[in-house]
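All remarks here apply to the structure that follows.
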Amino acid sequence: MRWWIGIAILSIIIFFLFAFRLFQPIANAFRFISLPLVRTASEWTQSGRDWVGAATASTDASARLRCEALLNKHVVDEAEFFRLEEENKRLRAQGNFLSTSSYDHVGARVIGRELTQTRARLLIDRGTNDRLEDGQAVITENGLFIGRIRSPQTGVATVELLTDTNSRVSAAMVQGDQLIGVVEGRGNGASVLTYIPSSVDLEADQIIVTAGTEEKIPAHLALGIINALNRKPKDPFYDASVDPLVRFDRISFVSVLRPSALGAR
Amino acid sequence: MKLSRLMVWGGMAVVCILWDVAIAPFLPGLRWVEPVLPMLLFFAMFQSVLPGFLFGGCVALFMDLYQLAPWPGMTMFTLIYLFILTVLSRRVLTNRSFYSAYALLVLGRLIAFFLGLFSHGSIGLWDPATLVPMTPSHLAARLIMDFVLLLFIFIFSSRFQRTLHSSPTAGGLVGYF
């Protein structure tokens, strides 16, 4: 029975090392050793899946993918256009330039993914050694906001996607800076824009963007598109379901926005 | 312990880790295939205790490292499961048949199911964000895939085990059924 006692003691030690974050240096060393292998495996898996997908995709599926790409580009262009318009107005009014380029970005590869009923998370191969911090905005390569950084560690970090049940992001309409509600993740690939004041008139197919009220999330990043409104005449607030602009199961590369001050070494 | 055997076990551990962390998440059709528990079962039933704990502990620890969870949930679950598995396979279900192996595997899945359900539903001690409750349909899908995996492991291991055990039921597939 001695070995049982040994294993029990070892388990308790591991648990407490984890709980009090004393395991961190050993964990970092393990991750440092294994990360290249994990990265290569995920890269090969994604390449293989894409290759098989491309080889078996029908003409309709290819056309749909092209349409999705065009739509995404249009959405980003539109959001960017209104952002520039707003900026222009502000510049004229204030007469001084408020720099909107106070963020730089760092590219990252998706090495793990968890899309379940309640969780929607990605694991990326960048961490605290790349100046990643909790709450930083994560966008796709074409500028669509998909989530924020959670639990960055040495070499790796988790991205909490918009549809994760813990995700909350303040949203605004693409025209104007007014905060119109909070996009809450509901799991299973769904998210809902909640607490929309009844004075705000939203319509289906309208694009919503980040409001910029969170500390590390810039404004005017395209968030999603309004799908259906759940509105009752006497309620002070109403909800709207939001469709993401990107398929989370297809993301291979992302960019993390970090304040320039953090990016500069 | 022979070096070649150690290398085979090490290789299997690496495959299990990579499968869980970097391969299965990108292949939605194969997400129900989870080889760790059937492998643990194999170690508990047909090998000595220490290799099973070494294999299970290392694989689960790496999984926890890539889950970025604040507590080593997978490691704890694996060690508890291995303990129960070892006791049951040595005291109760000692016949080493495919059916008893599958019964132990079902037990493991049920432990995971109720741990997730219990902790997620009623205890605020663990961070709900780090727990993924398994639904009954997920459990059923895993059990079906476990059956296939276990069958594969039995067929595969029979090629290597036949010479190691004198008992006819510990060798080939025919013996297990």
Identify the heavy atoms of A:Ala27 and B:Leu65 that sit nearest to each other, and give their distance.
CB-CD2, 3.2 Å
Nearest 0.5 Å, please: how far is [atom2] in [Y] from [atom1] in [X]?
X: B:Phe26; Y: A:Gln46; atom1: CZ; atom2: CD; answer: 4.0 Å
X: B:Leu27; Y: A:Asp249; atom1: CG; atom2: CG; answer: 11.5 Å
X: A:Phe30; Y: B:Leu61; atom1: CZ; atom2: CG; answer: 6.0 Å

Mark yes when over 12 heavy atoms from residues, nucleotides or ligands other than A:Tyr195 sit less than 6.0 Å from its OH; otherwise mark no.
no
Heavy-atom side-chain proximity of A:Arg31 to B:Tyr66 below 4.5 angstrom
yes
Applying a strict 4.5 Å limit to non-hydrogen atoms, the region of A:Ser34 in contact with chain B is both
Considering only heavy atoms, which portion of A:Leu35 lies under 4.5 Å from any heavy atom of chain B: side chain, backbone, both, or neither?
both
Using non-hydrogen atoms and a 4.5 Å limit, figure out which bit of B:Leu18 sits close to chain A: side chain, backbone, both or neither.
side chain
Please identify, among B:Thr75, B:Thr86, B:Asp20, B:Leu82, the residue contributing the most non-hydrogen atom pairs under 4.5 Å to chain A.
B:Thr86
Hey, which of A:Glu160, A:Arg113, A:Arg250 has the most heavy atom pairs under 4.5 Å with chain B?
A:Arg113
